[in-house]
Every structure is written in structure tokens, then in C-alpha cells.
There are 2 protein chains.
Amino acid sequence: MVNNLTETLNFTFAALADPTRRAILERLSFGDSSVTELAAPFDVSLPAISKQLRVLERAGLLTQEKDGRVRRCRLEAQPMKEAVEWIAQYQKFWEDKLESLANFLENVSPEDSTLQEQDSAENDSEGMKP
Amino acid sequence: MVNNLTETLNFTFAALADPTRRAILERLSFGDSSVTELAAPFDVSLPAISKQLRVLERAGLLTQEKDGRVRRCRLEAQPMKEAVEWIAQYQKFWEDKLESLANFLENVSPEDSTLQEQDSAENDSEGMKP
DNA sequence: TTATTATTTAACCATATGGTTAATAATTTA
DNA sequence: TAAATTATTAACCATATGGTTAAATAATAA
């Protein structure tokens, strides 16, 4: 595990950059899970998953507890909090963007100024709950 | 630039995983900047920074606008919003943790239950504004 | 005790990343 | 026009990443 902010952010963002690892975290958000269970949805070998778990562990996003021959994996969300807090300093930049868009729309067509989240759902399974 | 959520998250988190790139983004949060200006604080070559800018561009976190022989770099925060929204689904996990800690402290010493952010400031310059 | 199950470690491979120096392109200044 | 400035591209290198298969370790079941 990691002790200072810079390393926490390095390892946390790196861990979150892989879709398999993000899917593993989503699975764990429904409850603790064994390694085999975690590996099941993916078309890769168990050692591959084992490596992904090391990466998540390094970031402090996952802990393993030995329970007989099974290892119970648990989500640890704390590093995400630090990641979100780092990103939060930029919030005003994307909010400003939205506000100027909102203002633009208001000026152009005052009757229809609803801001709609454009959802590029095409070819995208992120966020699917199993 | 990137069109679907999974790729946005892949590239955005990957871009944020490097401390040099995060520092570049912080610099840009104070205003647009040339490549040379961006490179100045770092002890690496200009081509190295140029590569980092490509990574930020790939994630849609930066745009460059040609202005004579200078390229004006600009922060684009939108992908961070998507990153934060992905992480936000885990918010309750770190909040629950804090709450149970708060409850624990209340039970142990009801007079001194203030939650203090432990700040491991040692060897850590993240978040320093230039 | 011998299998079986769960998981990791070891050794390897291809590709990605982050850095270098040298050369090139484009623009401005002298 | 020649020189200087800004930045990129090219070619290269070391290390990291994400995958593989085979072997090893540990615990439960037969």
C-alpha cells in the first residue's frame, strides 16, 4: 500500500485505467468475492486476473483475506476518494463550460434551454451491472 | 479524441496516472500556455513533454491551437467529469467507512470524536501551485 | 493418503510507456 | 537572406504492462 498523495494518485489512476480492473471493482461493489468468481466473466486466464488483483492491491483498492484455500477479495474505496478530490479541483472548468453552453442555448432559444446529457451508448458496456 | 465511455475512462485515467501530466494540467488550470512554458519546470527534454501532451490530447484533456510558431495549450476538463462520475458510484463505500469510524470513535471516546484528515505530507509536492 | 480445488509464482512474449539525442519543419527576427 | 526560436518527428533504449503456459503451494475432500 501507498503512503503519500502523489503515489496514491499514480497507482490509483493507473489501476482505474484498465477496463478489466474497473469491472472487477464493480463486481466487488456488490460484495466480497473469491478470485475464481472474479475471473469467471472474463476470457482470460486465472494468472492474468491474479496480476490485475496485484495492481488493485498496490493501489490499495482491494484487500485479500485468506479463508481456507479461498481468498476473499474486498473493495477498498478510500483511494478513490483521494482521486476524486484531486479531480474536484477542476470541477469549475467543466461547469463553466456547461454554464456557457446553457447561456448560449438560453440566448438562442429561450423556450428550450434544457441541458441534456449526451450519452454515447454505442459500443459501450461500461457500467453494466452483472 | 475518444467517443465512448470505456475508452474515455481508459485514456483519461491513464493520462492522470502520471505526475508530470497532472502537474501540466495544474499549470494549465491557471491559463493557456505554450509547450516551452509547460516544459520549463521539468527536468526532461522538450520531446518528452511533447509526448506527454500527446497523451493528454488522446484523452481529450488538452487541445492545442497554433498561433504563429507557438502552440497554445488549453485545458479541457470534460473527460475529468466523466471520470469523476464513474468514481462517484463508489462514494457510499468510502463514506460508510468514515461513518463507521465516526461511530466507533463516538463509542470509544464520546468527548473527542472529531474526524481528522490524516495528511501524509512527507515527501509529497502534489497540489503545489507554481 | 491421494485427488481435487483455489490460487500464486515463474518464465516467457508482445506491446506500451517514458525517456533520450539528432534531425526536421515552420515561423519570426536580425 | 541567414540565424534564431518553437515544436515536432524519427530512431532508439530500458522498463512496465498484460497476456500466456507450466509448475508450485496450500487446503479440502475422497
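The sequence lines fix the lettering, A, B, ..., with proteins before strands; numbering per chain opens at 1. All values below were derived from every heavy atom in this structure, side-chain atoms included, with hydrogens, water molecules and symmetry-related copies excluded.
One finds a salt bridge joining B:R54 and B:E57 here, because a Lys/Arg side-chain nitrogen approaches an Asp/Glu carboxylate oxygen to under 4.0 Å.
A:Q64 has no side-chain polar atom (N or O) that falls below the 4.0 Å cut-off from OP1 or OP2 of C:dT7. Between B:S50 and the phosphate of D:dA7, there is no side-chain N or O to OP1/OP2 separation shorter than 4.0 Å. Dashed line: the shortest gap from a side-chain N or O of B:R58 to OP1 or OP2 of C:dT17 is under 4.0 Å. When the side-chain nitrogen and oxygen atoms of B:R54 are compared with OP1 and OP2 of C:dT17, none of them lie within a distance under 4.0 Å.
Side-chain contact annotation: A:Q52 with A:R21, donor-acceptor N/O pair under 3.5 Å present. No hydrogens or angles considered: nothing links the side chains of B:E82 and B:T8 as a donor-acceptor pair under 3.5 Å.
With D:dG19, C:dG18, C:dT17 as the choices, the nucleotide that has an atom nearest any side-chain atom of A:K51 turns out to be D:dG19. When distances are taken from the side chain of B:T20 to each of D:dT9, C:dG19, D:dG18, the shortest belongs to C:dG19. Which of C:dT9, D:dG18, D:dT8 sits closest to the side chain of A:Q52 comes down to D:dG18.
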Legend entry - Reading 5' to 3' through nucleotides 25-30 of chain D, protein heavy-atom contacts under 4.0 Å coded B for base, S for sugar-phosphate only, - for none: -SBB--

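Heavy atoms only, all atoms of each residue included: A:F11 and A:A59 are closest at O-CB, 3.5 Å.
B:R72 comes within contact range of no nucleotide atom at all, as no heavy-atom separation falls under 4.0 Å.
When side chains are defined from C-beta on, A:Q91 does not count as touching B:M80, because their heavy atoms never get closer than 4.5 Å.
Taking a 4.0 Å limit (strictly below) on heavy-atom distances, residues 36-48 of chain A reaches DNA chain C at A:T36, A:L46, A:P47.
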Inset, instruction - Begin from the C-alpha positions of A:L25 and B:W86 and carry the test side chain to side chain contact (heavy atoms under 4.5 Å, CB included) through to its verdict. - result: CA-CA 11 Å; A:L25 292 174; B:W86 185 87; 4.2 Å; yes

